[in-house]
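Because the structure is a prediction, the values reported are computed rather than measured. When a ligand or atom number is given, it counts from 1 through the structure's own listing order.
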Amino acid sequence: MDPDQFNVAAEVQRYLATVSGAARANSDAYFEGGYWLLLWGALLSVAVNWAILHFGWAKRVSAAVQRRTKRVWLADIVFAAIYMLAISLILLPWTIYTGFVREHRYGLSTQDFGAWIGEWGLSLLLGAVVFALVAAGILAVIRRAPRTWWAWGTGLMIAVMTFMILVSPVLVAPLFNDYRPMQESPLKEDILSMARANGVPADNVYVVDASRQSNRISANVQGLGPTVRISLNDNLLRQGSPAEVKAVMGHELGHYVLNHIPKMIPVFALIILVLFGILAWAGHAAVRRRGAAWSISSLGDRTIIPVAAIVLSLFFLALTPVTNTMVRTSEQEADVFGLNAAREPDGFAAIAMKLSTYRKLEPGLWEERIFFDHPSGRTRATTAMQWKAEHLEEAE
Ligand SMILES: [Zn+2]
């Protein structure tokens, strides 16, 4: 094609026009509904935690746990675990609506209710164990170092996060899905070749049976150091052409080569530090104003946990545009890396359209900045067509 006749905007429109009518309306409705779920989810969490404090539930359970053991740390662990199980059960109807009913309504889920609730239970069990240990750890740090706990606490959170990133691909992910090495094929050879060309250990291409849960197309890179896994899901393999799969894997290699996971850790530390500052302020306010009623005499009391949950819900709701923009910026970097590595701009634009089953294609400017943790389909098609425009002469 003559480079002078290649019009980026027109090419992008050609791609966007492939998703229209009911498919486009569904895509928009599913994604826009998610904005409200963010808000309602946070408000619901605030309401439930407030009720737990207001009706004296936290106070009574804390006292009951303390009567059964002299060891404060053990009482903290048991209280935190009971709290997690209780709040998850109270919020279960909401979780069923957002995670099961709504996913089926938009044709995204492939699970029956039994399988879904089984995974919910397993996640809750794992979550309760981790939450109980972390909460008890933070409470112990607050009691030992009432003035400098926020610094030690941030250190503890970084250690926990690093550990979770390290072990989850090998210990947690296999509890929910099977990860198998991709079958030998010319496509696999292409992916491995692309990996070697970009300095990525070449034996790490896995296929995950994500079709057990949904028909979403996806791929990801998980882990850290020795546990790094680059995997694509079986939905992508079934629904994508070889060019499309290569384009996606180029993107995933980008996350690996650009060290997106390790770079997240210091950013996470900064966020936790700010969060702990707000927690200290809100915690002291709760002790002053509601200490007697809620049975919170200091920041190190386990009954502070529902107060912390309220702060956490509002903090992360308010931070949504910031966290989304940080992630989306990395995703944009990986998009460009992937185009350079895979050299499949049309494959990339085509797969960006297929992602419209769960992500809106054409948001407004601010809508994308606030609510998108990945570039929109329009942004991705534009990146791809811009890349293509600059490489037309090589293609001839
Ligand atoms: Zn990505």
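- Contacts classified as ring pair (Phe, Tyr, Trp, His ring centres under 6.0 Å) and involving residues 56-88 (residues at least two apart or in different chains) are given here: Tyr83-Phe131.
- For Tyr15, the ring pair (Phe, Tyr, Trp, His ring centres under 6.0 Å) test picks out no residue, with sequence neighbours left out.
- Results of the side chain to side chain donor-acceptor pair (under 3.5 Å) test with Tyr30 over Glu103, Arg359, Lys360 single out Glu103 as the only residue that passes.
- Only protein N, O or S atoms were considered, and those under 2.8 Å from the Zn ion (ligand 1) are His251 NE2, His255 NE2, Glu331 OE1.
- With sequence neighbours left out, the side-chain hydrogen bond (donor to acceptor under 3.5 Å, both in side chains) criterion links Glu368 to Ser376, Thr379.
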Phe348 vs Trp387, side-chain contact (heavy atoms from CB on, under 4.5 Å): CA-CA, chis, key distance, verdict: CA-CA 11 Å; Phe348 191 70; Trp387 189 95; over 6 Å; no

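- Shown here for Asp28 and Leu361, the closest heavy-atom pair between the two residues is OD1-N, 4.4 Å.
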